[in-house]
Participant: 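First the structure, then my questions, so here it is.
In each ligand, atom 1 is the first atom listed, and ligand 1 is the first ligand listed. No hydrogens, no waters, no symmetry mates; every other heavy atom, side chains included, goes into these values.
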Amino acid sequence: MAVHIQMIGTGSAFAKRYDNNNALIETGSRTLLLDCGITCPSALYRLGRHFGEIDAVLISHIHGDHVGGLEEYAYQMKYVYKRKPVLYVPAPLVAPLWEHTLKGGMESEEADSLTHYFDVYPLEEGEESELLPGLRVKPLRTRHVPGKISFSYVINGTFFYSADMRFDPDLLERLDREGIRTIFHDCQLHPPGEVHAALPELLTLPERLQEKIWLMHYGDDKEAFEGRTGRMRFVEPHVRYPI
Ligand SMILES: O=c1ccn([C@@H]2O[C@@H]3COP(=O)(O)O[C@H]3[C@H]2O)c(=O)[nH]1
Ligand SMILES: [Zn+2]
Ligand SMILES: [Zn+2]
């Protein structure tokens with residue numbers, strides 16, 4: 001079955017020209033939302049889509065540009081579309097997502113847990129699960145902000161989607177050896193990357209690896225870097241790429 005990824009936005013957390021780095025993954029007639037950040041509700045609207053068309057949501061880690069739109073998503077599903085949405089979330093993030101992020105805006109007499117709003121399916125690190133027919137996802141814990149639990153995803157065994165992660169050449173080499181054909185990687189154009197891979201770091205990778213890498217989660221001056229990314233290409237918002 002053909003699987004495609006389409007970025008709702010490709011921007012960094014502070015970008016204003018590009019929306020939050022959130023994606024739609026489509027397989028047949030089913031759609032997975034990968035991260036739902038602050039700009040997601042309006043960016044999805046500008047894409048001509050709406051939350052009622054989404055079959056499930058998967059999150060990578062708890063930062064506003066990745067989960068800040070979940071409250072609206074949950075409320076729209078409850079009060080507009082009247083359907084309980086499916087939430088795939090790495091097991092260690094289930095409790096923090098409610099306790100540290102959603103509870104403040106969503107707790108009420110009748111609603112005292114994440115499971116009031118979502119059908120919650122915890123994912124285990126390193127274990128592949130079929131999230132939609134034809135869509136297999138394996139979470140890998142990757143390094144981001146020290147102490148923050150954050151996951152990247154291997155999709156259908158051949159596609160790697162970094163959430164927010166530091167430069168990790170050993171992991172990228174291992175994925176290459178294991179048959180990953182395409183890597184969508186977050187990229188901080190201006191060093192130091194610190195909590196993200198910086199462009200100069202990614203440029204130290206061998207050309208064989210760079211060929212596979214598409215850059216996302218970039219800043220507003222991305223156009224100034226066209227032609228300065230070695231063999232790596234930029235992911236463009238709204239374009240559908242095969243997985
Ligand atoms: O220890 C920290 C924590 C955060 N930050 C910045 O805040 C942003 C939060 O979203 P993000 O993870 O997409 O990107 C992060 C960085 O831009 C940082 O530079 N160092
Ligand atoms: Zn981010
Ligand atoms: Zn982050």
Side-chain angles (χ1 to χ4, degrees), residues 5-25 32-44 47 57-73 87-102 104 123 125 137 139-155 159-168 171-172 183-202 213-222 224-225 229 232 234-238:
I5 184 165
Q6 179 182 37
M7 302 305 293
I8 302 166
T10 52
S12 70
F14 308 149
K16 297 295 172 275
R17 294 181 61 195
Y18 305 102
D19 289 303
N20 293 160
N21 200 84
N22 306 159
L24 296 175
I25 299 179
L32 177 80
L33 173 61
L34 175 39
D35 283 336
C36 182
I38 295 161
T39 68
C40 185
S42 56
L44 195 64
L47 188 57
V57 60
L58 167 68
I59 68 150
S60 63
H61 69 296
I62 301 180
H63 266 158
D65 55 323
H66 301 268
V67 298
L70 272 184
E71 178 180 310
E72 178 171 342
Y73 174 59
L87 171 66
Y88 293 109
V89 55
L93 296 181
V94 172
L97 182 61
W98 176 252
E99 294 295 333
H100 302 162
T101 300
L102 296 176
L123 302 181
E125 181 183 0
V137 171
L140 298 182
R141 189 158 169 184
T142 43
R143 290 183 308 121
H144 181 31
V145 173
K148 175 166 281 295
I149 300 169
S150 182
F151 290 85
S152 298
Y153 291 107
V154 175
I155 299 176
F159 182 94
F160 179 73
Y161 185 98
S162 84
D164 288 352
M165 62 178 257
R166 288 161 182 249
F167 185 53
D168 189 345
L171 173 64
L172 298 175
I183 294 169
F184 274 24
H185 206 303
D186 60 312
C187 175
Q188 183 140 322
L189 297 169
H190 297 274
E194 290 185 355
V195 302
H196 295 280
L199 178 58
E201 292 176 313
L202 291 164
I213 296 178
W214 296 71
L215 306 173
M216 59 182 186
H217 204 289
Y218 40 73
D220 280 340
D221 58 349
K222 169 247 196 188
F225 289 84
T229 59
M232 298 176 287
F234 282 111
V235 184
E236 299 294 339
H238 298 190

Participant: Does Q188 come within less than 4.0 angstrom of ligand 1, counting non-hydrogen atoms of the residue?
Facilitator: no

Participant: Indicate yes or no for a side-chain donor-acceptor contact from E99 to the backbone of P96 under 3.5 Å, with no hydrogens or angles considered.
Facilitator: no

Participant: Of all the atoms in ligand 1, which lie at a distance below 4.0 Å from a heavy atom belonging to F14?
Facilitator: 6 (C), 7 (O), 8 (C), 17 (O)

Participant: Among the N/O/S atoms of D65, select the one at the shortest distance from the Zn ion (ligand 2) and name it.
Facilitator: OD2

Participant: So V145 and H63, side chain to side chain contact (heavy atoms under 4.5 Å, CB included) or not? Walk me through it.
Facilitator: CA-CA 10 Å; V145 173; H63 266 158; 3.8 Å; yes

Participant: Look only at interatomic distance and state if H61 has a nitrogen or oxygen under 3.5 Å from any nitrogen or oxygen of ligand 1.
Facilitator: no

Participant: Would you check if there is a donor-acceptor pair between the side chains of H196 and H144 at a distance under 3.5 Å?
Facilitator: no

Participant: Ring-plane angle category for F225 and H190, please: parallel below 30°, perpendicular beyond 60°, tilted otherwise.
Facilitator: perpendicular

Participant: Check whether any N, O or S atom of H66, backbone or side chain, sits closer than 2.8 Å to the Zn ion (ligand 2).
Facilitator: yes

Participant: Do the side chain of T101 and the main chain of W98 share a donor and acceptor less than 3.5 angstrom apart?
Facilitator: no

Participant: Any atoms of ligand 1 less than 4.0 Å from a non-hydrogen atom of D65? List them with their elements.
Facilitator: 10 (O), 13 (O)

Participant: Look only at interatomic distance and state if D164 has a nitrogen or oxygen under 3.5 Å from any nitrogen or oxygen of ligand 1.
Facilitator: yes

Participant: Using a 4.0 Å cutoff against the non-hydrogen atoms of H144, which atoms of ligand 1 qualify?
Facilitator: 12 (O)

Participant: Going by distance alone, is a donor N or O of one side chain under 3.5 Å from an acceptor N or O of the other, for H61 and D35?
Facilitator: no

Participant: How far is atom 3 (C) of ligand 1 from its nearest protein heavy atom, and which residue and atom name does that atom have?
Facilitator: V145 CG2, 3.7 Å

Participant: I'd like to know if the Zn ion (ligand 3) has an N/O/S atom from H63 within less than 2.8 Å of it, counting both backbone and side-chain atoms.
Facilitator: yes

Participant: Starting from the Zn ion (ligand 3), look over the N/O/S atoms of D164 and name the nearest one.
Facilitator: OD2

Participant: Pairing donors with acceptors under 3.5 angstrom, does anything connect the side chains of Y218 and S12?
Facilitator: no

Participant: As a test of reading the structure, name the N/O/S atom of H217 that is nearest the Zn ion (ligand 2).
Facilitator: NE2

Participant: Can you report which non-hydrogen protein atom sits closest to atom 19 (O) of ligand 1, along with the distance?
Facilitator: V195 CG2, 4.0 Å

Participant: Strictly under 2.8 Å, is the Zn ion (ligand 2) approached by any N, O or S atom of D186?
Facilitator: no

Participant: Distance under 4.0 Å to a non-hydrogen atom of H217: what atoms of ligand 1 satisfy this?
Facilitator: 13 (O)

Participant: Please could you name the atoms of ligand 1 that H196 approaches to less than 4.0 Å, counting only its heavy atoms?
Facilitator: 11 (P), 12 (O), 13 (O), 14 (O), 15 (C)

Participant: Without swapping roles, check the side chain of K222 against the backbone of T10 for a donor-acceptor pair under 3.5 Å.
Facilitator: no

Participant: Quick check on H63 - does any of its heavy atoms sit under 4.0 Å from an atom of ligand 1?
Facilitator: yes

Participant: Quick check: does H61 put an N/O/S atom under 2.8 Å from the Zn ion (ligand 3)?
Facilitator: yes

Participant: Please examine the side chains of N21 and M7, heavy atoms only from C-beta on, and report whether any two atoms are closer than 4.5 Å.
Facilitator: yes

Participant: Is there a donor-acceptor contact under 3.5 Å linking the side chains of H217 and D164?
Facilitator: yes

